[in-house]
Structures are given as structure tokens and as C-alpha cells.
Asker: 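Input: one structure, supplied below.
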Amino acid sequence: QVQLVESGGGLVQAGGSLRLSCAASGRTFSGFVMGWFRQAPGKERDFVAAIGRGGVSRYYADSAKGRFTISRDNAKNTVYLQMNSLKPEDTANYYCAARTYYSNSAYDYNYWGQGTHVTVSS
């Protein structure tokens, strides 16, 4: 088992930045690929970004490329999502997730945090 706790959400104006954090506990953090997903009201949970176990391989949704950066600190058991140039359409609940191998499908992830809400005002 691994427990995930997100933080860092909030209200920001369009064009602003936020950094989300996800702290993990339980099983060895470095053994997991970590992903970030988001879900707006009435919509499915969409892939945002993922990072490999060692932090070298990184994957992004088209909507995140060039604006968001995923990173991890295995010594601190934490994964981050730096979000810049935020847009109103980025408003959603953001979730971190963990699984053994990379996937961009929410259905494949075994472990989830409770989410942190991001609101981007226009």
C-alpha cells in the first residue's frame, strides 16, 4: 500500500502559477511511476503528466506541454507539478496517482490521493 496526500491547490488568476505537491508514505516511493490527473465537474479524470521512477522519463498531455513541469524527489517521497501560465480551463481537482509502470490512463493507476482543487480566474 501507498498513501498519497496532495497539497498546493488554490485560487490563482489566469497567467499565474501554482506548484502542487504530493507526499507519499508506505511502500517504497522510488518503486512507483507517479502521475498527475485532473477532473473538472461533470468530466472524466484526465491525464496531465507522469514521471518515471528515477525522475528521468517524463510524459505530458498536450494541454500541459510547455506550461507544466512534473518532478520528483525520491529522498523526500514527494512528486511535484509546477503549473505556469495557468488558464481558466485548468480549473479542476488535481490528483496524484501511483503505479508500477507508466500509463496515461486513470484506470490503470492503483493508488490515489484525495485531490487538491485548483481554480483559475479569468
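Nothing here was measured: the structure is a model prediction, and the numbers come from that model.
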Asker: Return the minimal non-hydrogen interatomic distance between L11 and S121, and the atom names on each side.
Answerer: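 Heavy atoms of L11 and S121 come nearest at CD1-CB, 4.3 Å.
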Asker: Find out if a path of hydrophobic residues (ILVMFWY) with successive side-chain heavy-atom gaps under 4.5 Å connects L86 to W36.
Answerer: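 Result: yes, single cluster for both.
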Asker: Side chain to side chain donor-acceptor pair (under 3.5 Å): which pairs involve residues 8-23, sequence neighbours left out?
Answerer: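 Of all non-adjacent pairs touching residues 8-23, those that pass side chain to side chain donor-acceptor pair (under 3.5 Å) are S17-N84.
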Asker: Using atom types as modelled and distance alone, determine if a side-chain donor or acceptor of E6 lies under 3.5 Å from a backbone N or O of T116.
Answerer: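 Judged by distance alone, no pair lies under 3.5 Å.
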Asker: Kindly compute the distance separating OH (Y101) from CG (D108), expressed to the nearest 0.5 Å.
Answerer: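 Reported value, rounded in 0.5 Å steps: 13.0 Å.
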Asker: Mind checking the OG-CG spacing from S30 to N77? Nearest 0.5 Å is all I need.
Answerer: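 Spacing of OG (S30) from CG (N77) equals 8.0 Å.
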Asker: By side chain to side chain contact (heavy atoms under 4.5 Å, CB included), which residues pair with N93, not counting sequence neighbours?
Answerer: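 By the side chain to side chain contact (heavy atoms under 4.5 Å, CB included) rule, N93 matches Y95, H117.
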Asker: What distance do F37 atom CZ and S105 atom OG have between them, rounded to the nearest 0.5 Å?
Answerer: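 That separation rounds to 6.5 Å.
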Asker: If you take all heavy atoms of V12 and L18, which pair is closest and at what distance?
Answerer: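 Taking V12 first and L18 second, the nearest heavy atoms are CG1-CD1, 4.0 Å.
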Asker: As a quick check of understanding, evaluate side chain to side chain contact (heavy atoms under 4.5 Å, CB included) for R38 and V118, giving each step before the final call.
Answerer: CA-CA 9 Å; R38 66 186 184 186; V118 172; over 6 Å; no
Asker: For R72 and F29, indicate whether the former's side chain and the latter's backbone hold a donor-acceptor pair under 3.5 Å.
Answerer: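 Indeed, once roles are kept as given, a pair shorter than 3.5 Å links the two residues.
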Asker: Report yes or no: do Y111 and Y94 belong to one cluster of Ile/Leu/Val/Met/Phe/Trp/Tyr joined by side chain heavy-atom distances under 4.5 Å?
Answerer: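 Yes; Y94 is reachable from Y111 via cluster members.
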Asker: Over all heavy atoms of both residues, which pair between G35 and Y109 is shortest? Give the atoms and the distance, please.
Answerer: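 Answer, listing the atom of G35 first, then Y109: N-CE2, 4.0 Å.
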Asker: Would you kindly confirm whether L81 and V33 end up in one hydrophobic cluster when ILVMFWY residues are joined by side chain heavy atoms under 4.5 Å apart?
Answerer: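 No, because L81 and V33 fall into different hydrophobic clusters, even though each may have its own neighbours under 4.5 Å.
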Asker: Yes or no on salt bridge (Lys or Arg N to Asp or Glu O under 4.0 Å) for K87 and D90, after CA distance, side-chain angles and deciding distance?
Answerer: CA-CA 5 Å; K87 304 174 182 178; D90 294 318; over 6 Å; no
Asker: So if you build clusters from Ile, Leu, Val, Met, Phe, Trp, Tyr with side-chain heavy-atom gaps below 4.5 Å, do W112 and M34 land together?
Answerer: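 Not linked; separate clusters.
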Asker: Pairs in or reaching into residues 40-61: which pass side chain to side chain donor-acceptor pair (under 3.5 Å), with residues at least two apart or in two chains?
Answerer: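 The answer is Q39-R45.
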Asker: Identify the heavy atoms of C22 and L4 that sit nearest to each other, and give their distance.
Answerer: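 Shortest heavy-atom contact: SG-CB, 3.9 Å.
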Asker: Check whether any side-chain heavy atom of D73 sits under 4.5 Å from a side-chain heavy atom of Y80, and report yes or no.
Answerer: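 In contact.
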Asker: So which atom in A92 and which in A40 form the shortest heavy-atom distance, rounded to 0.1 Å?
Answerer: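 Reported closest heavy-atom pair: CB-N, 3.9 Å.
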Asker: If you compare all heavy atoms of L20 against all heavy atoms of G9, which two are closest, and at what distance to 0.1 Å?
Answerer: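 That closest heavy-atom pairing would be CD2-N, 3.6 Å.
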Asker: Indicate, with yes or no, if I51 and V2 share a hydrophobic cluster defined by side-chain heavy-atom contacts under 4.5 Å among Ile, Leu, Val, Met, Phe, Trp and Tyr.
Answerer: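 Yes.
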